[in-house]
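What follows is a single structure, written as structure tokens, with notes after it.
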Amino acid sequence: MKRQIYMEYRKMWNKITTVAVLAMCAVAMLHLLIYLNLQYRAIDSGGEIVEGLASYRALKEASEEIKGTMDGTYIRELVNKYNDSFDKAYLEEHRGFLGTGGMTKFMVPNYFINYAYYGAYMTNGNDKVGLEYDFLDSEDKFYKTYKETVKEHLEEIYFYSEEQMSVLQEKIDNLKIPYQTGYYQGLANLRAWFVLDYGLVFVVLAFALSGVFAKDYAGGITELTLSSKYGRKNNFKVRWIAGNLFIISVYLIFIGVQLTMNGIIATLDGWNLPAQMFWFECLHNITVGEGILILFGGGLLGAIVIGNIVMLISIKIKIRKMAVILSAIVVFGILKSKNMHGFSKMFHPANFINDSLLTEYCFIGGVALPYFAIVIILTAFYAAAIWIAIKMSYRKYYID
């Protein structure tokens, strides 16, 4: 069977799928290069404004000065450095600098501190980067304020009950502080463009997998396929397995492009920083790198669900051109409907890359299940349901 899976998988890499994958890579690369080069600028270590792609390396170099553990000594020194800095003077004079793609080395620690004051209303604006707060007098006071803000954020945004909040309070109390801080702009770009361009994977799958079970396609189903010694059941199972391997391959190529391009432009430094420096209300004691890997895992599961939906359409429609059209309509419908609100958004496969994977919980009785665990369960359910539908369909599959 392994040999047959390999042969079916190899057939999927035809001219159409190869062009689709290359187009996906090209669009993702150009999106990054053009936008980051035109939009972003940074204040370097010498107080000069650096524009374009060079701004990221300049920012990383400048950020070496603010790396450290955010204990009481660090916070006092940070306040003094920021108040005496060119960055503060420039931001006060040029309102909107941060909101339009400007970067300063103080963003990471200052935003984290400002979250303790603004909570759920924290943004990346100039008005929320200052450090004039009484709770910065001591380390204990700051982290006490931060934890209280996290609790208020969860209560206000996610609407947990008192009993549920008591469970989450234990997780808040167990956060490992003080936190490390430093530079992670390359990872911030990686997360942003991964989310922005994730739909490209769905589009490729719509075109590539719509012919897997078609009867009018060279790589599809033929009379010989149905009458081979492997039998109808094994042939369909092999194609389904090969299709899922293809989904994984396309997704890994997409991730590879994102990692390579963002690594080259801004580096992937900062993987070991605590996740709370990026996702302020995260209650998991993990790093930023581990958080991004969880998002990548959710993205893979979402791609598997969409790819299997396309294969189901292929076996139901049987005619490739019609399957391509219907698959494209379904995929674009899924992408367009992903911005739904409320609890139902959690069931949407295009939202399996949402930051909620790291910040939101579902409660089963008194047990708090993180959203990424729910995504795993949902994917298993969706994949099983689609496979059953495919299995029922192949029994009635005939060549006219």
Side-chain angles (χ1 to χ4, degrees), residues 5-35 190 193-222 236 238-262 296 298-338 348-350 352-353 379 382-383 386 390:
I5 292 173
Y6 168 73
M7 292 176 65
E8 293 294 342
Y9 173 79
R10 189 176 62 180
K11 282 196 297 183
M12 292 178 184
W13 286 98
N14 51 49
K15 291 182 179 180
I16 295 176
T17 57
T18 301
V19 169
V21 171
L22 290 176
M24 174 189 73
C25 296
V27 170
M29 292 169 64
L30 290 173
H31 191 189
L32 272 165
L33 288 171
I34 295 174
Y35 187 86
L190 173 63
W193 264 262
F194 160 67
V195 172
L196 283 172
D197 291 336
Y198 178 57
L200 294 173
V201 177
F202 293 2
V203 175
V204 170
L205 297 179
F207 284 93
L209 296 178
S210 55
V212 173
F213 297 110
K215 64 181 181 180
D216 61 341
Y217 183 56
I221 299 295
T222 65
F236 278 85
V238 162
R239 286 173 182 272
W240 180 74
I241 294 173
N244 279 281
L245 291 176
F246 181 83
I247 295 168
I248 295 171
S249 300
V250 171
Y251 182 75
L252 291 179
I253 290 171
F254 171 73
I255 293 298
V257 170
Q258 294 291 337
L259 286 169
T260 302
M261 294 302 297
N262 284 289
F296 284 173
L300 175 59
L301 297 180
I304 288 174
V305 172
I306 299 301
N308 276 269
I309 290 174
V310 173
M311 286 193 283
L312 177 60
I313 292 173
S314 177
I315 198 170
K316 290 293 186 181
I317 302 300
K318 298 183 179 68
I319 301 173
R320 187 176 189 279
K321 289 183 179 180
M322 292 180 62
V324 169
I325 294 172
L326 182 56
S327 296
I329 293 173
V330 170
V331 164
F332 284 116
I334 289 173
L335 291 174
K336 191 173 182 179
S337 63
K338 70 176 182 178
H348 199 297
F352 287 0
I353 57 169
T379 301
Y382 289 152
I386 295 170
I390 291 175

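Under a 3.5 Å cut-off, the side chain of Thr260 and the backbone N or O of Val257 do not form any donor-acceptor pair.
The shortest side-chain heavy-atom distance between Leu259 and Phe296 falls under the 4.5 Å cut-off. A heavy-atom distance below 4.5 Å is found between the side chains of Met12 and Leu209. A heavy-atom distance below 4.5 Å is not found between the side chains of Ile390 and Arg239. When side chains are defined from C-beta on, Leu205 counts as touching Ile247, because their heavy atoms get closer than 4.5 Å. Taking 4.5 Å as the limit, every side-chain heavy atom of Phe352 sits out of range of all side-chain heavy atoms of Ile306.
Here the straight-line distance linking atom CG of Asp197 with atom CG of Leu32 works out to 6.5 Å at 0.5 Å rounding. The distance from the CD atom of Glu8 to the CZ atom of Arg10 is 10.5 Å, given to the nearest 0.5 Å. Residue Leu312 holds its CG atom at 9.5 Å from CZ of Phe213, rounded to the nearest 0.5 Å. Residue Trp193 holds its CH2 atom at 9.5 Å from CD of Gln258, rounded to the nearest 0.5 Å.
In this view, Leu252 and Ile248 satisfy the side-chain contact (heavy atoms from CB on, under 4.5 Å) rule, not counting sequence neighbours. Contacts of Ile253 classified as side-chain contact (heavy atoms from CB on, under 4.5 Å), with partners at least two apart in sequence or in another chain: Trp13, Val21, Met24, Cys25. A search for ring pair (Phe, Tyr, Trp, His ring centres under 6.0 Å) contacts involving Tyr6 returns nothing, not counting sequence neighbours. Under the side-chain contact (heavy atoms from CB on, under 4.5 Å) criterion, Ile329 pairs with Ile325, sequence neighbours left out. With sequence neighbours excluded, no residue forms a side chain to side chain donor-acceptor pair (under 3.5 Å) with Thr18. Listed by chain and number, the residues in a ring pair (Phe, Tyr, Trp, His ring centres under 6.0 Å) with Phe254 amount to none (sequence neighbours excluded). Residues satisfying the side-chain contact (heavy atoms from CB on, under 4.5 Å) criterion with Ile353, sequence neighbours excluded, are Phe194, Val195, Tyr198.
Closest heavy-atom contact between Gly243 and Met311: CA-SD, 3.9 Å. Contact between Ser327 and Ala206 at its shortest, heavy atoms only, is CB-O, 3.8 Å. Shortest non-hydrogen contact noted between Ala350 and Lys338 is CB-CB, 3.8 Å. Across every non-hydrogen atom of Phe246 and Ala208, the tightest pair is CE2-CB, 3.4 Å. Across every non-hydrogen atom of Tyr9 and Ser249, the tightest pair is OH-OG, 2.7 Å. In this structure, Ser314 and Ala323 approach most closely via the heavy-atom pair CA-CB, 4.3 Å.
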Exercise. Taking it one step at a time, do Ile16 and Arg320 satisfy side-chain contact (heavy atoms from CB on, under 4.5 Å)?
Worked result: CA-CA 12 Å; Ile16 295 176; Arg320 187 176 189 279; 3.9 Å; yes

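By the 6.0 Å contact criterion, CZ on Phe207 is open, its count of non-hydrogen atoms from other residues, nucleotides or ligands being 12 or less.
Applying the side-chain hydrogen bond (donor to acceptor under 3.5 Å, both in side chains) definition to pairs two or more places apart or across chains, those involving residues 299-313 are Trp240-Asn308, Asn244-Asn308.
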